[in-house]
Amino acid sequence: MKFKMLFIAAGMFVACTNSSAIDFKEGNWAVEMQMEIAGMPMQMPPVTVDQCMSKKDMVPAQKSQDGTDCKIIDQSVKGSTVTWAVECPESKGKGSMTYKGKSFSGKIYIETTGSSRPMKMTSVMKGRYKGPCRK
């Protein structure tokens, strides 16, 4: 269960960015995340979630393990790529996503800091535009 919570946390970032140069389509996105944990003998299965994304929220949202919001401490946009750093109560990380209109790909690197056994995780993400957001 702890790994599931870490996986969800790793894939869920909230960031507001300067979106003028990004090739991005607002709407409902299918976001697939594949988590890899250093030293873990088995690979976790990919998880796909739907998320309504806008030019204000182009990076999938993140909460920490205890449900509190994580804090974006650095972010930038260059061309169609968004990069950021984030701090949560028990983890820290950095990520990068590149948009290509109706798709994106990216990675998030997370390191846990609040447990007696720190872990390093990489989440490979890809997304595809599905249509308008449902209200």
Side-chain angles (χ1 to χ4, degrees):
M1 187 61 147
K2 184 174 182 178
F3 289 120
K4 183 177 180 181
M5 293 298 291
L6 289 171
F7 183 68
I8 291 168
M12 308 308 266
F13 284 91
V14 176
C16 297
T17 62
N18 176 358
S19 60
S20 60
I22 291 188
D23 185 12
F24 168 78
K25 180 109 175 130
E26 290 185 310
N28 187 36
W29 286 76
V31 179
E32 180 181 301
M33 297 167 275
Q34 176 70 51
M35 176 71 69
E36 299 170 2
I37 300 174
M40 186 172 191
M42 61 180 231
Q43 186 170 351
M44 298 177 70
V47 173
T48 302
V49 296
D50 282 358
Q51 182 173 352
C52 185
M53 296 172 70
S54 70
K55 289 187 178 183
K56 291 182 180 179
D57 303 312
M58 288 186 288
V59 179
Q62 177 179 345
K63 300 275 184 188
S64 68
Q65 286 182 315
D66 66 2
T68 59
D69 289 328
C70 296
K71 181 180 176 186
I72 302 297
I73 56 172
D74 186 26
Q75 66 184 23
S76 65
V77 177
K78 185 173 183 179
S80 286
T81 300
V82 179
T83 59
W84 68 94
V86 64
E87 287 183 351
C88 302
E90 294 189 6
S91 63
K92 62 182 179 178
K94 61 183 178 177
S96 175
M97 293 175 62
T98 301
Y99 281 95
K100 295 177 183 166
K102 293 184 177 182
S103 67
F104 72 76
S105 61
K107 286 188 177 184
I108 301 170
Y109 304 96
I110 299 288
E111 185 174 336
T112 62
T113 57
S115 67
S116 60
R117 186 173 171 213
M119 289 188 288
K120 293 183 180 183
M121 300 166 279
T122 301
S123 183
V124 177
M125 298 186 314
K126 60 183 176 180
R128 67 178 170 76
Y129 177 77
K130 294 178 67 175
C133 294
R134 297 183 183 136
K135 294 184 180 186

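Here, residue 1 is the first one in the sequence, and each next residue gets the next number.
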Subject >> side chain to side chain donor-acceptor pair (under 3.5 Å) against Lys130, all qualifying residues, sequence neighbours excluded >> reply: Asp50
**OP:** Quick one: pull up NZ in Lys94 and CD in Glu111 and give me the separation to the nearest 0.5 Å.
**Re:** 10.5 Å
Original post:
Which heavy-atom pair separates Tyr129 from Glu26 by the least distance, and what is that distance?
Top reply: CE1-O, 3.2 Å
**OP:** Flag yes if Met35 and Val124 sit in one hydrophobic cluster, no otherwise; membership is Ile, Leu, Val, Met, Phe, Trp, Tyr, and two members link when side-chain heavy atoms are under 4.5 Å apart.
**Re:** no
**OP:** Fit a plane to each ring of Trp29 and Phe104, take the angle between them on a 0 to 90° scale, and name the class: parallel (under 30°), tilted (30 to 60°) or perpendicular (over 60°).
**Re:** tilted
Original post:
Do Lys25 and Tyr99 come close enough that some side-chain heavy atom pair is under 4.5 Å?
Top reply: no
Original post:
Hey, is the main chain of Met44 close enough, under 3.5 Å, to the side chain of Gln34 for a donor-acceptor pair?
Top reply: yes
**OP:** For residues Met121 and Ile37, report the shortest heavy-atom separation together with the two atoms involved.
**Re:** CG-CG1, 3.5 Å
**OP:** With sequence neighbours excluded, tell me which residues meet side chain to side chain donor-acceptor pair (under 3.5 Å) with Asn28.
**Re:** none
Original post:
What distance separates Arg128 CZ from Lys102 NZ, expressed to the nearest 0.5 Å?
Top reply: 12.0 Å
**OP:** Please tell me if the side chains of Thr112 and Glu90 come closer than 4.5 Å, counting only heavy atoms from C-beta onward.
**Re:** no
Subject >> Non-hydrogen side-chain atoms of Met40 and Met119 separated by less than 4.5 Å >> reply: no
Original post:
For Ser105, what residues pass the side-chain contact (heavy atoms from CB on, under 4.5 Å) criterion, not counting sequence neighbours?
Top reply: none
**OP:** Would you give the length of the straight line joining atom CD1 of Ile22 to atom NZ of Lys100, rounded to the nearest 0.5 angstrom?
**Re:** 13.5 Å
Subject >> Ser91 side chain vs Ile110 backbone, donor-acceptor pair below 3.5 Å >> reply: no
Original post:
side chain to side chain donor-acceptor pair (under 3.5 Å) with Thr98: which residues, sequence neighbours excluded?
Top reply: Thr81
Original post:
Side chains of Val49 and Met33: does their closest heavy-atom pair fall under 4.5 Å?
Top reply: yes
**OP:** Looking only at non-hydrogen atoms, find the nearest pair between Gly27 and Cys133 and report the distance.
**Re:** C-SG, 3.2 Å
**OP:** Work out which heavy atom in Val31 is nearest to a heavy atom in Met53; give both atom names and the distance.
**Re:** CG2-SD, 4.3 Å
